[in-house]
Colleague: 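Below: one structure in structure tokens.
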Amino acid sequence: MIIVLKPSTTNEQLMNFTSMLKDKYNVKVNKWDGVQSTVLGLIGDTTSIDIEYIDAQDIVESVKRVQEPYKKANRKFHPDNSVIKITDTVSIGDGSLNIMAGPCSVESEEQIVAVAKAVKKSGATILRGGAFKPRTSPYAFQGLKAEGLELLKIARQETGLPIVTEIMSASHIELFEDVDIIQVGARNMQNFELLKELGKTNKPILLKRGLCATIEEWLMSAEYIMAGGNDNVILCERGIRTYENFTRNTLDIAAVPIVKRLSHLPIVVDPSHASGKSWLVEPLAMSAVACGADGLIIEVHNDPAHALSDGAQSLTPEQFDGVSKKIFALKNAMDNQV
Ligand code: PEP
Ligand code: MN
């Protein structure tokens with residue numbers, strides 16, 4: 001339930017009203033302060049609340065029920081875009097375009113440092129690299145694990161780029177303490193125990209869309225993290241399974257404007273996993289920016305032919321430089337249009 005308060009509401013009236021709602025109806029009250037008004041979002045079982053009684057209160061401008069099952073992730077509860085601060089100079093959702101770039105897997109210090117330096121030069125603001133890898137085959141390279149996290153930190157030290165890397169188990173959270181953004185991969189989008197544990201941290205979480213997840217299921221996974229008290233969620237559209245098999249997945253580009261309408265959370269797009277083909281990364285990245293994505297996550301490898309994972313969809317640093325130039329030219333053109 002959403003309650004919009006009149007601009008004339010005093011602090012005391014607000015406190016009394018909020019306490020009454022909590023005591024009488026046993027709900028949580030989420031407050032959002034806008035320039036024009038204050039919006040209260042009620043979370044919990046609101047079925048017994050008499051909407052007419054609320055509407056009749058002096059300080060209430062309007063009241064309506066929210067049908068969607070996600071509340072904290074719902075734009076109705078938080079009309080402004082959420083801005084997720086990563087470092088003093090990098091924020092996601094503030095209107096800028098952030099590119100996360102780097103290899104699928106961290107393979108060695110030389111590799112991750114070289115790629116980090118190259119992508120930074122080409123405009124990436126965040127370094128990606130998998131240390132714990134979710135592979136379809138148990139016989140495939142599983143990642144360098146804890147050592148991979150240490151190598152990412154070396155690359156961060158060398159370049160100043162914050163790092164994003166995937167977590168696969170709640171039991172690893174302590175290992176990720178010094179990571180800037182924790183990625184929840186597509187395969188773990190509905191690992192609810194993991195989401196609940198991440199909700200207890202204050203880390204930015206990059207939540208990838210599940211392979212077969214609807215947008216509502218994806219937003220409900222964001223809700224799990226937020227319900228625990230961590231509002232720092234960034235969504236990532238990375239393609240879904242359809243009957244088309246030319247590409248690895250089908251990029252649901254409409255998810256970008258749909259998520260923007262339904263939620264206040266930032267959304268980035270992963271054209272690498274969406275397509276599985278390096279030559280498709282540029283056009284898909286361009287379409288994501290044109291649709292209003294807050295960022296991109298792109299796989300870049302110094303030697304894609306010998307990559308230990310996802311070489312076919314990885315760009316060389318030179319190719320990434322070309323794609324990045326086009327992406328920023330498009331973003332500038334969009335920002336400067338009259
Ligand atoms: C990845 O980013 O390397 C990855 C495994 O992605 P996804 O979870 O989208 O498949
Ligand atoms: Mn990958």
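Both counts, for ligands and for their atoms, begin at 1 and track the order of listing.
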Colleague: Quick one: nearest non-hydrogen protein atom to atom 5 (C) of ligand 1, plus distance?
Modeller: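 Looking at atom 5 (C) of ligand 1, the protein heavy atom closest to it is E166 OE1, 3.7 Å.
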Colleague: When C291 is tested against each of I258, I267, V269, I253 for side-chain contact (heavy atoms from CB on, under 4.5 Å), which residue passes?
Modeller: I253
Colleague: Where is the nearest protein heavy atom to atom 4 (C) of ligand 1: which residue, which atom, and how far?
Modeller: H273 NE2, 3.4 Å
Colleague: Which of the atoms of ligand 1 are close to E299, meaning less than 4.0 Å from one of its heavy atoms?
Modeller: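 Answer, ordered by atom number: 3 (O).
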Colleague: Check each atom of ligand 1 against the heavy atoms of G185 and keep those under 4.0 Å away; list them by number with element.
Modeller: 8 (O)
Colleague: May I ask you to decide whether D321 forms a salt bridge with K121, counting only side-chain N to carboxylate O separations under 4.0 Å?
Modeller: no
Colleague: Distance under 6.0 Å and angle within 45° of the ring axis: does K24 meet both against Y53?
Modeller: yes
Colleague: Could you tell me, atom by atom, which parts of ligand 1 come under 4.0 Å of a heavy atom of K133?
Modeller: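 Reading through ligand 1 atom by atom, the close ones are 1 (C), 3 (O).
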Colleague: Taking R209 first and then E237, would you say they form a salt bridge - that is, a charged N and a carboxylate O separated by under 4.0 Å?
Modeller: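 A salt bridge links R209 with E237.
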Colleague: Hey, which atoms in ligand 1 end up nearer than 4.0 Å to a heavy atom of R128?
Modeller: 1 (C), 2 (O), 3 (O)
Colleague: Has the side chain of N98 got a donor or acceptor atom that lies under 3.5 Å from a matching backbone atom of D294?
Modeller: no
Colleague: Heavy atom of R209 under 4.0 Å from ligand 1?
Modeller: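 Heavy atoms of R209 never come under 4.0 Å of ligand 1.
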Colleague: Number the atoms of ligand 1 from 1 as they appear, then name those within less than 4.0 Å of a heavy atom of R238, with their elements.
Modeller: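 Close to R238: 7 (P), 9 (O), 10 (O).
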Colleague: Of all the N, O or S atoms in D310, which has the shortest distance to the Mn ion (ligand 2)?
Modeller: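 So the atom name we want here is OD2.
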Colleague: To the nearest 0.1 Å, how far is atom 6 (O) of ligand 1 from its closest protein heavy atom, and which atom is that?
Modeller: K208 NZ, 2.9 Å
Colleague: Angle at the Mn ion (ligand 2), NE2 of H273 to OE2 of E299, rounded to 10 degrees, please.
Modeller: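 It is 90°, given to the nearest 10°.
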Colleague: Counting only nitrogen or oxygen atoms and a 3.5 angstrom limit, does D310 reach ligand 1?
Modeller: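 No: no nitrogen or oxygen of D310 is under 3.5 Å from one in ligand 1.
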Colleague: Please indicate whether any nitrogen or oxygen in D270 is less than 3.5 Å from any nitrogen or oxygen in ligand 1.
Modeller: no
Colleague: If we count only N and O atoms by modelled type, under 3.5 Å, do the side chains of S105 and S309 hold a donor and an acceptor together?
Modeller: yes
Colleague: Answer yes or no on whether K277 is positioned over the face of F246, meaning its NZ or CZ is under 6.0 Å from the six-membered ring centre and within 45° of the axis.
Modeller: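 Yes; both conditions hold, so K277 lies above the ring face of F246.
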Colleague: Where is the tightest heavy-atom contact between L315 and F320, given as atom of each residue plus distance?
Modeller: CD1-CA, 3.9 Å
Colleague: Which residue owns the protein heavy atom closest to atom 8 (O) of ligand 1, what's the atom, and how far is it?
Modeller: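 That would be A186 N, 2.8 Å.
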Colleague: Between K326 and E282, is there a salt bridge with N-O shorter than 4.0 Å?
Modeller: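 Salt bridge between E282 and K326, a charged N being under 4.0 Å from a carboxylate O: yes.
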